[in-house]
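Structure first, commentary second.
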Amino acid sequence: MFKGKHFLKTLDFTKKELNSLIDFTGELKEKKKHGIPHPFLKGKNLALLFEKPSTRTRSAFCVAANDLGAHTDYFGQGDLHLGVKESIEDTAKVLGRMYDGIEFRGYHQKDVETLAQHANVPVWNGLTNEWHPTQMIADFYTMKENWGTFKSKTLTYVGDARNNVAHDLLITGATLGVNIRIAAPKSLQPSSEVQLQAKKIAQMNESDILITDDLQQAVYQTDALYTDVWFSMGEDQSVIEDRIKLLSPYCLNQSVIEQSANSNVIVLHCLPAFHDLNSQLSKQIYDKYGISEMEITDEVFKGAHSVIFEQSENRLHSIKAIMAVTLGDLF
Ligand code: CP
Ligand code: NVA
(Lines give C-alpha, C1' and ligand atoms only; values in the text may rest on other atoms or scores of the structure.)
(Ligands and ions follow the chains in the order given, each with its own letter.)
Protein backbone atom coordinates (compact mmCIF):
# COMPACT_ATOMS: atom_id res chain seq x y z
CA MET A 1 0.00 0.00 0.00
CA PHE A 2 2.82 2.43 0.82
CA LYS A 3 5.97 0.90 -0.66
CA GLY A 4 7.85 3.38 -2.86
CA LYS A 5 5.41 6.22 -2.08
CA HIS A 6 6.50 9.71 -1.09
CA PHE A 7 5.19 11.40 2.06
CA LEU A 8 4.72 15.01 0.94
CA LYS A 9 1.34 16.05 2.34
CA THR A 10 -1.50 14.27 4.12
CA LEU A 11 -3.84 15.33 1.27
CA ASP A 12 -2.18 12.57 -0.80
CA PHE A 13 -3.43 9.85 1.58
CA THR A 14 -6.80 8.27 2.28
CA LYS A 15 -8.43 8.00 5.68
CA LYS A 16 -7.58 4.30 5.75
CA GLU A 17 -3.91 4.95 4.96
CA LEU A 18 -3.58 7.67 7.60
CA ASN A 19 -5.25 5.43 10.17
CA SER A 20 -2.89 2.59 9.36
CA LEU A 21 0.13 4.88 9.80
CA ILE A 22 -1.26 6.03 13.15
CA ASP A 23 -1.81 2.43 14.27
CA PHE A 24 1.65 1.37 13.09
CA THR A 25 3.12 4.26 15.09
CA GLY A 26 1.65 2.63 18.19
CA GLU A 27 3.08 -0.78 17.28
CA LEU A 28 6.55 0.69 16.83
CA LYS A 29 6.28 2.58 20.11
CA GLU A 30 5.52 -0.72 21.86
CA LYS A 31 8.42 -2.49 20.13
CA LYS A 32 10.83 0.22 21.22
CA LYS A 33 9.49 0.16 24.78
CA HIS A 34 9.98 -3.60 25.06
CA GLY A 35 13.38 -3.64 23.32
CA ILE A 36 12.09 -5.69 20.36
CA PRO A 37 14.41 -5.08 17.38
CA HIS A 38 12.77 -3.73 14.21
CA PRO A 39 15.50 -3.29 11.59
CA PHE A 40 13.10 -2.81 8.66
CA LEU A 41 15.57 -0.53 6.83
CA LYS A 42 18.77 -2.46 7.48
CA GLY A 43 21.59 -1.31 5.22
CA LYS A 44 19.69 1.66 3.75
CA ASN A 45 21.26 5.10 3.36
CA LEU A 46 19.14 8.17 4.01
CA ALA A 47 19.83 11.84 3.22
CA LEU A 48 18.38 14.44 5.60
CA LEU A 49 18.14 17.92 4.04
CA PHE A 50 17.35 20.86 6.30
CA GLU A 51 17.05 24.42 4.94
CA LYS A 52 15.48 25.48 8.26
CA PRO A 53 16.53 24.60 11.83
CA SER A 54 14.99 21.65 13.66
CA THR A 55 15.22 19.88 17.02
CA ARG A 56 12.43 17.31 17.01
CA THR A 57 12.16 16.45 13.33
CA ARG A 58 15.89 16.07 12.84
CA SER A 59 16.42 13.99 15.97
CA ALA A 60 13.34 11.88 15.24
CA PHE A 61 14.59 11.07 11.73
CA CYS A 62 18.09 10.24 13.06
CA VAL A 63 17.00 8.04 15.96
CA ALA A 64 14.24 6.38 13.94
CA ALA A 65 16.73 5.58 11.17
CA ASN A 66 19.17 4.13 13.69
CA ASP A 67 16.46 1.96 15.24
CA LEU A 68 15.49 0.76 11.75
CA GLY A 69 19.08 -0.14 10.92
CA ALA A 70 19.62 2.67 8.41
CA HIS A 71 22.43 5.19 8.13
CA THR A 72 21.77 8.96 7.85
CA ASP A 73 23.73 11.87 6.44
CA TYR A 74 22.68 15.38 7.49
CA PHE A 75 22.88 18.34 5.08
CA GLY A 76 22.12 21.78 6.54
CA GLN A 77 21.41 25.10 4.85
CA GLY A 78 24.25 25.93 2.44
CA ASP A 79 25.80 22.43 2.51
CA LEU A 80 24.44 21.41 -0.89
CA HIS A 81 24.27 23.17 -4.26
CA LEU A 82 20.51 22.43 -4.11
CA GLY A 83 18.69 25.15 -6.03
CA VAL A 84 21.68 27.52 -5.75
CA LYS A 85 24.40 26.30 -8.12
CA GLU A 86 22.34 23.50 -9.63
CA SER A 87 18.66 22.83 -10.03
CA ILE A 88 16.69 20.87 -7.45
CA GLU A 89 15.98 18.42 -10.28
CA ASP A 90 19.69 17.70 -10.83
CA THR A 91 20.39 17.34 -7.10
CA ALA A 92 17.41 15.01 -6.79
CA LYS A 93 18.73 12.79 -9.60
CA VAL A 94 22.16 12.58 -7.95
CA LEU A 95 20.92 11.94 -4.40
CA GLY A 96 18.45 9.37 -5.68
CA ARG A 97 21.30 7.34 -7.22
CA MET A 98 23.20 7.29 -3.92
CA TYR A 99 20.55 7.28 -1.21
CA ASP A 100 17.54 5.05 -0.62
CA GLY A 101 15.36 7.79 0.86
CA ILE A 102 15.45 11.58 1.27
CA GLU A 103 13.98 13.84 3.95
CA PHE A 104 13.53 17.54 3.11
CA ARG A 105 12.65 20.48 5.39
CA GLY A 106 12.50 23.81 3.62
CA TYR A 107 10.52 26.78 2.50
CA HIS A 108 8.48 25.85 -0.54
CA GLN A 109 6.22 22.84 -0.99
CA LYS A 110 7.02 22.95 -4.71
CA ASP A 111 10.69 22.23 -3.84
CA VAL A 112 9.91 19.01 -1.98
CA GLU A 113 7.52 18.06 -4.78
CA THR A 114 10.30 18.65 -7.36
CA LEU A 115 12.72 16.52 -5.34
CA ALA A 116 10.14 13.75 -5.22
CA GLN A 117 9.42 13.97 -8.93
CA HIS A 118 13.06 13.38 -9.86
CA ALA A 119 14.69 11.39 -7.04
CA ASN A 120 13.27 7.96 -7.86
CA VAL A 121 13.38 7.07 -4.12
CA PRO A 122 10.86 7.96 -1.37
CA VAL A 123 10.96 11.61 -0.30
CA TRP A 124 9.57 12.67 3.12
CA ASN A 125 8.44 16.23 3.86
CA GLY A 126 9.93 17.36 7.19
CA LEU A 127 8.02 20.71 7.02
CA THR A 128 7.47 23.39 4.40
CA ASN A 129 5.77 26.78 4.62
CA GLU A 130 2.60 25.03 3.48
CA TRP A 131 2.41 21.67 5.31
CA HIS A 132 3.90 19.62 8.17
CA PRO A 133 2.66 16.08 7.44
CA THR A 134 4.98 14.03 9.68
CA GLN A 135 3.82 16.22 12.60
CA MET A 136 0.22 15.24 11.82
CA ILE A 137 0.82 11.52 12.30
CA ALA A 138 2.39 12.17 15.71
CA ASP A 139 -0.36 14.60 16.71
CA PHE A 140 -3.32 12.43 15.78
CA TYR A 141 -1.58 9.38 17.24
CA THR A 142 -1.21 11.34 20.50
CA MET A 143 -4.90 12.21 20.45
CA LYS A 144 -5.91 8.59 19.81
CA GLU A 145 -3.52 7.42 22.52
CA ASN A 146 -5.38 9.66 24.96
CA TRP A 147 -8.94 9.26 23.65
CA GLY A 148 -8.94 5.67 22.38
CA THR A 149 -11.01 6.77 19.35
CA PHE A 150 -11.51 9.65 16.93
CA LYS A 151 -15.27 9.18 16.80
CA SER A 152 -17.21 12.29 17.89
CA LYS A 153 -14.02 13.96 19.13
CA THR A 154 -13.24 17.63 18.64
CA LEU A 155 -9.91 19.44 18.30
CA THR A 156 -9.74 23.22 18.66
CA TYR A 157 -6.77 25.14 17.32
CA VAL A 158 -6.24 28.67 18.65
CA GLY A 159 -3.75 31.22 17.31
CA ASP A 160 -2.14 31.85 13.93
CA ALA A 161 -4.32 29.68 11.72
CA ARG A 162 -2.77 30.52 8.38
CA ASN A 163 0.39 28.54 9.06
CA ASN A 164 1.51 25.05 8.00
CA VAL A 165 0.40 23.32 11.22
CA ALA A 166 -3.09 24.86 11.40
CA HIS A 167 -3.72 24.14 7.71
CA ASP A 168 -2.57 20.55 8.12
CA LEU A 169 -4.63 19.95 11.28
CA LEU A 170 -7.69 21.15 9.39
CA ILE A 171 -7.11 18.82 6.41
CA THR A 172 -5.91 15.81 8.42
CA GLY A 173 -8.65 16.13 11.03
CA ALA A 174 -11.30 16.38 8.31
CA THR A 175 -9.89 13.25 6.65
CA LEU A 176 -9.83 11.27 9.89
CA GLY A 177 -13.36 12.29 10.89
CA VAL A 178 -12.31 14.47 13.84
CA ASN A 179 -14.30 17.70 14.31
CA ILE A 180 -12.01 20.67 13.83
CA ARG A 181 -12.61 24.14 15.21
CA ILE A 182 -10.32 27.07 14.57
CA ALA A 183 -10.34 30.23 16.68
CA ALA A 184 -8.37 33.05 15.11
CA PRO A 185 -8.82 36.69 14.18
CA LYS A 186 -10.36 37.02 10.71
CA SER A 187 -7.09 38.07 9.04
CA LEU A 188 -5.27 35.01 10.40
CA GLN A 189 -7.83 32.34 9.55
CA PRO A 190 -6.91 29.49 7.16
CA SER A 191 -6.65 30.37 3.48
CA SER A 192 -9.92 30.10 1.57
CA GLU A 193 -8.41 27.36 -0.60
CA VAL A 194 -7.55 25.16 2.40
CA GLN A 195 -10.93 25.89 4.03
CA LEU A 196 -12.70 24.78 0.87
CA GLN A 197 -10.63 21.59 0.56
CA ALA A 198 -11.18 20.77 4.25
CA LYS A 199 -14.93 21.32 4.06
CA LYS A 200 -15.24 19.00 1.07
CA ILE A 201 -13.20 16.30 2.79
CA ALA A 202 -15.08 16.75 6.08
CA GLN A 203 -18.43 16.11 4.39
CA MET A 204 -17.27 12.64 3.38
CA ASN A 205 -15.93 11.74 6.82
CA GLU A 206 -18.49 12.92 9.38
CA SER A 207 -16.29 15.74 10.55
CA ASP A 208 -17.70 19.17 11.50
CA ILE A 209 -15.65 22.24 10.75
CA LEU A 210 -15.99 25.56 12.53
CA ILE A 211 -13.80 28.54 11.71
CA THR A 212 -14.51 31.58 13.83
CA ASP A 213 -13.02 34.54 15.66
CA ASP A 214 -15.18 33.65 18.67
CA LEU A 215 -12.78 31.91 21.05
CA GLN A 216 -15.43 30.96 23.59
CA GLN A 217 -17.61 29.23 21.00
CA ALA A 218 -14.62 27.34 19.56
CA VAL A 219 -13.32 25.96 22.84
CA TYR A 220 -16.59 25.03 24.55
CA GLN A 221 -16.68 21.28 25.22
CA THR A 222 -13.74 20.55 22.97
CA ASP A 223 -11.57 17.47 23.59
CA ALA A 224 -8.21 18.98 22.63
CA LEU A 225 -6.70 22.45 22.54
CA TYR A 226 -3.79 23.03 20.19
CA THR A 227 -1.67 26.09 19.51
CA ASP A 228 1.51 26.95 17.60
CA VAL A 229 3.91 29.89 17.44
CA TRP A 230 2.58 33.30 16.39
CA PHE A 231 5.25 33.66 13.71
CA SER A 232 6.75 30.76 11.86
CA MET A 233 10.23 29.98 10.57
CA GLY A 234 11.02 32.01 7.48
CA GLU A 235 8.59 34.84 8.34
CA ASP A 236 10.00 38.34 8.59
CA GLN A 237 10.35 39.53 12.20
CA SER A 238 8.52 42.73 11.20
CA VAL A 239 5.23 40.79 11.57
CA ILE A 240 5.75 40.25 15.31
CA GLU A 241 4.21 43.48 16.59
CA ASP A 242 1.08 43.05 14.52
CA ARG A 243 0.76 39.37 15.50
CA ILE A 244 1.01 40.22 19.20
CA LYS A 245 -1.79 42.77 18.84
CA LEU A 246 -4.00 40.41 16.84
CA LEU A 247 -3.32 37.19 18.72
CA SER A 248 -3.07 38.23 22.38
CA PRO A 249 -6.78 37.46 22.96
CA TYR A 250 -6.10 33.93 21.61
CA CYS A 251 -3.38 32.98 24.09
CA LEU A 252 -3.92 29.44 25.40
CA ASN A 253 -4.20 30.25 29.11
CA GLN A 254 -5.97 28.83 32.16
CA SER A 255 -9.15 30.72 31.34
CA VAL A 256 -9.32 28.92 27.96
CA ILE A 257 -8.97 25.57 29.73
CA GLU A 258 -11.83 26.55 32.03
CA GLN A 259 -13.97 27.75 29.12
CA SER A 260 -13.63 24.32 27.52
CA ALA A 261 -15.72 22.99 30.42
CA ASN A 262 -14.07 19.61 29.89
CA SER A 263 -12.00 18.28 32.77
CA ASN A 264 -10.36 15.77 30.38
CA VAL A 265 -9.34 18.27 27.70
CA ILE A 266 -5.78 17.70 26.44
CA VAL A 267 -3.33 20.42 25.40
CA LEU A 268 -1.01 20.02 22.42
CA HIS A 269 1.74 22.14 20.86
CA CYS A 270 4.08 21.05 18.08
CA LEU A 271 6.99 23.02 19.66
CA PRO A 272 9.14 25.06 19.87
CA ALA A 273 6.91 27.20 22.14
CA PHE A 274 7.14 30.68 23.60
CA HIS A 275 5.97 30.13 27.19
CA ASP A 276 8.75 31.60 29.36
CA LEU A 277 11.82 33.80 29.14
CA ASN A 278 14.39 31.00 28.90
CA SER A 279 15.29 31.47 25.24
CA GLN A 280 17.15 34.22 23.40
CA LEU A 281 14.17 35.06 21.22
CA SER A 282 11.70 35.23 24.08
CA LYS A 283 14.05 37.58 25.96
CA GLN A 284 14.36 39.84 22.89
CA ILE A 285 10.58 39.94 22.56
CA TYR A 286 10.19 40.66 26.26
CA ASP A 287 12.69 43.55 26.02
CA LYS A 288 10.87 45.03 23.04
CA TYR A 289 7.20 44.33 23.78
CA GLY A 290 7.10 43.54 27.51
CA ILE A 291 5.39 40.15 27.20
CA SER A 292 6.77 37.00 28.81
CA GLU A 293 4.42 34.45 27.19
CA MET A 294 2.87 34.37 23.75
CA GLU A 295 0.75 31.56 22.32
CA ILE A 296 0.60 29.55 25.58
CA THR A 297 1.14 30.40 29.23
CA ASP A 298 3.78 28.58 31.24
CA GLU A 299 1.02 27.41 33.60
CA VAL A 300 -0.87 25.62 30.81
CA PHE A 301 2.29 24.41 29.06
CA LYS A 302 3.36 22.61 32.25
CA GLY A 303 -0.14 21.96 33.58
CA ALA A 304 -2.08 18.76 34.15
CA HIS A 305 -3.82 18.88 30.75
CA SER A 306 -0.61 19.12 28.74
CA VAL A 307 0.50 16.11 26.68
CA ILE A 308 3.07 18.20 24.82
CA PHE A 309 6.14 16.14 25.64
CA GLU A 310 4.38 12.81 24.88
CA GLN A 311 3.44 14.43 21.58
CA SER A 312 7.08 15.35 20.90
CA GLU A 313 8.25 11.81 21.74
CA ASN A 314 5.64 10.49 19.33
CA ARG A 315 7.43 12.31 16.49
CA LEU A 316 10.03 9.54 16.74
CA HIS A 317 7.58 6.65 16.50
CA SER A 318 5.50 8.24 13.74
CA ILE A 319 8.46 9.23 11.55
CA LYS A 320 9.76 5.70 11.99
CA ALA A 321 6.40 4.35 10.81
CA ILE A 322 6.41 6.63 7.76
CA MET A 323 9.94 5.66 6.73
CA ALA A 324 9.42 1.95 7.39
CA VAL A 325 6.24 1.61 5.32
CA THR A 326 7.43 3.67 2.36
CA LEU A 327 10.91 2.15 2.13
CA GLY A 328 10.81 -1.19 3.93
CA ASP A 329 9.43 -4.56 2.80
CA LEU A 330 6.75 -4.74 5.42
CA PHE A 331 3.48 -5.76 3.89
N1 CP B 1 7.67 20.37 15.78
C2 CP B 1 8.78 20.44 15.03
O3 CP B 1 8.77 20.21 13.81
O4 CP B 1 9.89 20.76 15.74
P5 CP B 1 11.31 21.08 15.15
O6 CP B 1 11.22 22.39 14.41
O7 CP B 1 12.21 21.14 16.35
O8 CP B 1 11.70 19.97 14.21
N1 NVA C 1 4.52 26.86 12.31
C2 NVA C 1 5.82 26.53 12.83
C3 NVA C 1 5.92 25.06 13.11
C4 NVA C 1 7.20 24.63 13.75
C5 NVA C 1 7.27 23.15 13.96
C6 NVA C 1 6.90 26.94 11.84
O7 NVA C 1 6.74 26.68 10.65
O8 NVA C 1 7.89 27.53 12.27
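Just so it is clear, the structure is predicted and the values come from calculations on it, not from any experiment. Each ligand, and each atom within it, is numbered from 1 in the order the structure gives.
- At a 3.5 angstrom cut-off on N or O pairs, Val229 does not count as close to ligand 2.
- Lys144 has a carboxylate O that lies under 4.0 Å from a charged side-chain N of Asp23, or vice versa, which qualifies the two as a salt bridge.
- Residue, atom and distance of the protein heavy atom nearest to atom 4 (O) of ligand 1 are Arg56 NE, 2.9 Å.
- Close contacts between ligand 1 and Leu271 involve ligand atoms 1 (N), 2 (C), 4 (O) [criterion: under 4.0 Å to a heavy atom].
- A ring-centre distance under 6.0 Å is found for Phe309 and Phe301.
- Residue Leu271 places a heavy atom under 4.0 Å from ligand 2.
- Atom 3 (C) of ligand 2 has Asp228 OD2, 3.6 Å as its closest protein atom, hydrogens excluded (heavy atom only).
- Note on Phe150 and Leu170: same hydrophobic cluster, where clusters join Ile, Leu, Val, Met, Phe, Trp and Tyr whose side-chain heavy atoms are under 4.5 Å apart, directly or indirectly.
- Not one N or O of Arg58 is nearer than 3.5 Å to an N or O of ligand 1, by distance alone.
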Next item on the list: Decide yes or no on salt bridge (Lys or Arg N to Asp or Glu O under 4.0 Å) for Glu113 and Lys110, but give the supporting numbers first.
Entry: CA-CA 5 Å; Glu113 304 266 354; Lys110 72 171 172 34; over 6 Å; no

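- With respect to the salt-bridge test (charged N to carboxylate O, under 4.0 angstrom), the residues Asp298 and Lys302 qualify.
- Ring centroids of Phe50 and Phe75 are separated by 6.0 Å or more, keeping the two rings apart.
- Linking ILVMFWY residues whenever their side-chain heavy atoms come closer than 4.5 Å, directly or via other members, leaves Val112 and Leu327 in distinct clusters.
- Heavy-atom proximity to atom 3 (O) of ligand 1, evaluated over His269, His132, Lys52, Met233, is greatest for His132.
- Atom 6 (O) of ligand 1 has as its closest protein heavy atom Arg105 NH1, 2.9 Å.
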Notebook entry, point to check: Please walk me through it: do Tyr141 and Asn146 pass side-chain contact (heavy atoms from CB on, under 4.5 Å)?
Noted result: CA-CA 9 Å; Tyr141 171 75; Asn146 279 274; over 6 Å; no

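- With respect to atom 7 (O) of ligand 2, the closest heavy atom belonging to the protein is Asn164 ND2, 2.9 Å.
- Regarding atom 7 (O) of ligand 1, its nearest protein heavy-atom neighbour is Thr55 N, 2.7 Å.
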Next item on the list: May I have the step-by-step check of side-chain hydrogen bond (donor to acceptor under 3.5 Å, both in side chains) for Asn179 and Thr154, ending in yes or no?
Entry: CA-CA 4 Å; Asn179 304 320; Thr154 301; 3.2 Å; yes

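- In terms of protein heavy atoms, atom 8 (O) of ligand 2 is closest to Met233 N, 2.8 Å.
- Within the 4.0 Å heavy-atom criterion, the part of Arg315 lying near ligand 1 is the side chain and not the backbone.
- Here's the thing with Leu127: none of its N/O atoms is less than 3.5 angstrom from an N/O atom of ligand 1.
- Taking only nitrogen or oxygen atoms, main chain and side chain alike, Ser232 reaches within less than 3.5 Å of ligand 2.
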Next item on the list: Report the C-alpha distance between Asn314 and Thr25 in whole Å, list the side-chain angles of each, state the deciding distance to 0.1 Å, and finish with yes or no for side-chain hydrogen bond (donor to acceptor under 3.5 Å, both in side chains).
Entry: CA-CA 8 Å; Asn314 289 334; Thr25 295; over 6 Å; no

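- For ligand 2, the atoms lying closer than 4.0 Å to a non-hydrogen atom of Asn163 are 1 (N).
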